[in-house]
Amino acid sequence: MDSSFQRDDLDNQILTALMQDARTPFAELAKRFNVSAGTIHVRVEKMKQAGIITGAQITVNPKALGYDVCCFIGINLKSAGDYPAAIAKLNALEEVVEAYYTTGNYSVFVKVMCQSIDGLQHVLINRIQSIDEIQSTETLISLQNPIVRAVKP
């Protein structure tokens, strides 16, 4: 990872375009930005080496896959030393789609996706709250997600 890399306007334009559609051909970007396809390729590779671009992915609609319940669970651990083991166990749960080590009221904050409230109840009681390193949890059910965006380059 190259921490000395300095982005310029072209890099930011390339990032913005690829964030909108990661499958955009380099030749199309080259025409759009009036540079060669080789320039686009070199810029993208440098941003990969700098750790700015870490991959490309397809975004799916969880509701279209039957995941109707999104919730956030604040987790208090029994002790700070329990963090690595708790994260490893949470990582093994496919319903846990994001996890954050936080300051404030909780040690860990996780995002959980389930197909139903019954499914959430099962995951919460039988899988998350049964993790030995977890002292307590607080669950917040998401009613909607009106803002979804990536950071701007």
Query raised in the report: Between V96 and Y101, is there a shared hydrophobic cluster once you connect ILVMFWY residues whose side-chain heavy atoms come closer than 4.5 Å?
Result: yes

Query raised in the report: Roughly how far, to the nearest 0.5 Å, is NZ of K31 from OG of S36?
Result: 13.0 Å

Query - Distance, nearest 0.5 Å, that separates OG1 of T39 from CG of L29 - result: 12.0 Å

Query raised in the report: Do L77 and Q135 touch side chain to side chain, with heavy atoms closer than 4.5 Å?
Result: no

Query raised in the report: Under a single-linkage definition using a 4.5 Å side-chain heavy-atom cutoff for Ile, Leu, Val, Met, Phe, Trp and Tyr, are F72 and I75 assigned to the same hydrophobic cluster?
Result: no

Query raised in the report: Are the side chains of T137 and N76 in touch, meaning some heavy atoms are under 4.5 Å apart?
Result: no

Requested in this report: With sequence neighbours left out, write down each residue that passes side chain to side chain contact (heavy atoms under 4.5 Å, CB included) with D8, or none if nothing qualifies.
Outcome: L10, D11, R43

Query raised in the report: Which heavy atom in C114 sits nearest to a heavy atom in V123, and how many Å separate them?
Result: SG-CG2, 4.1 Å

Requested in this report: Tell me, yes or no, whether the heavy-atom count around N34 atom CG, taken from other residues, nucleotides or ligands under 6.0 Å, exceeds 12.
Outcome: no

Query raised in the report: What are the two closest non-hydrogen atoms of R7 and P153, and how far apart are they?
Result: NH2-C, 3.5 Å

**Report entry** Whether over 12 other heavy atoms sit under 6.0 Å from L143 CG
**Finding:** no

Requested in this report: Examine I141 and L93 and state if one hydrophobic cluster contains both, with Ile, Leu, Val, Met, Phe, Trp and Tyr joined whenever side-chain heavy atoms are less than 4.5 Å apart.
Outcome: yes

**Report entry** Cluster check I58, L65: I/L/V/M/F/W/Y, side chain < 4.5 angstrom
**Finding:** yes

Query raised in the report: Under 30°, 30 to 60°, or over 60°: which ring-plane class applies to H41 and F26, parallel, tilted or perpendicular?
Result: tilted

Query - Spacing of E95 atom CD and Q115 atom CD [to the nearest 0.5 Å] - result: 9.0 Å

Report task. Flag the pair T102 / F109 as yes when at least one side-chain heavy-atom distance between them is below 4.5 Å, and no otherwise. Result -> yes

Query raised in the report: Is atom CG of N126 surrounded by more than 12 heavy atoms (other residues, nucleotides or ligands) closer than 6.0 Å?
Result: yes

Query raised in the report: Do you reckon M113 sits in the same ILVMFWY cluster as L120, going by side-chain contacts under 4.5 Å, direct or chained?
Result: no

**Report entry** Pairs where residues 104-126 contributes a residue and the test salt bridge (charged side-chain N to carboxylate O under 4.0 Å, His left out) is met, not counting sequence neighbours
**Finding:** E98-K111

Query raised in the report: Which residue, Q129, R127, H122, forms the side chain to side chain contact (heavy atoms under 4.5 Å, CB included) with I125?
Result: Q129

Query raised in the report: Is E138 close to I73 at the side-chain level, that is, under 4.5 Å between some pair of heavy atoms?
Result: no

Query raised in the report: Going from CD1 on I131 to CG on L90, what distance comes out if it is rounded to the nearest 0.5 angstrom?
Result: 4.0 Å

Query raised in the report: Looking at K48 and E45, does any basic side-chain N land under 4.0 Å from a carboxylate oxygen?
Result: yes

Query raised in the report: Is there a side-chain contact between V112 and T139, using heavy atoms and a 4.5 Å cut-off?
Result: no

Query raised in the report: Are any non-hydrogen side-chain atoms of M47 and F5 less than 4.5 angstrom apart?
Result: yes

Query - Full working for side-chain contact (heavy atoms from CB on, under 4.5 Å) between D68 and K63 - result: CA-CA 5 Å; D68 290 327; K63 287 198 180 287; 4.1 Å; yes

Query raised in the report: Do V108 and Y83 come within less than 4.5 Å of each other through their side chains, counting heavy atoms only?
Result: yes

Query - Distance-minimising heavy-atom pair for A17 and F33 - result: CB-CZ, 4.2 Å

Query raised in the report: Given side chains that start at C-beta, do those of L18 and R23 come closer than 4.5 Å, heavy atoms only?
Result: no

Report summary line: Nearest heavy-atom approach of E133 to A86 is CB-CB, 4.0 Å

Query raised in the report: Rounded to the nearest 0.5 Å, how far apart are OG1 of T24 and CD1 of I40?
Result: 10.5 Å

Report summary line: What one should report as the nearest heavy-atom pair of I147 and R149 is CG2-CZ, 3.8 Å

Query raised in the report: CD/Q13 to CG/L15 distance, rounded to the nearest 0.5 angstrom?
Result: 10.5 Å

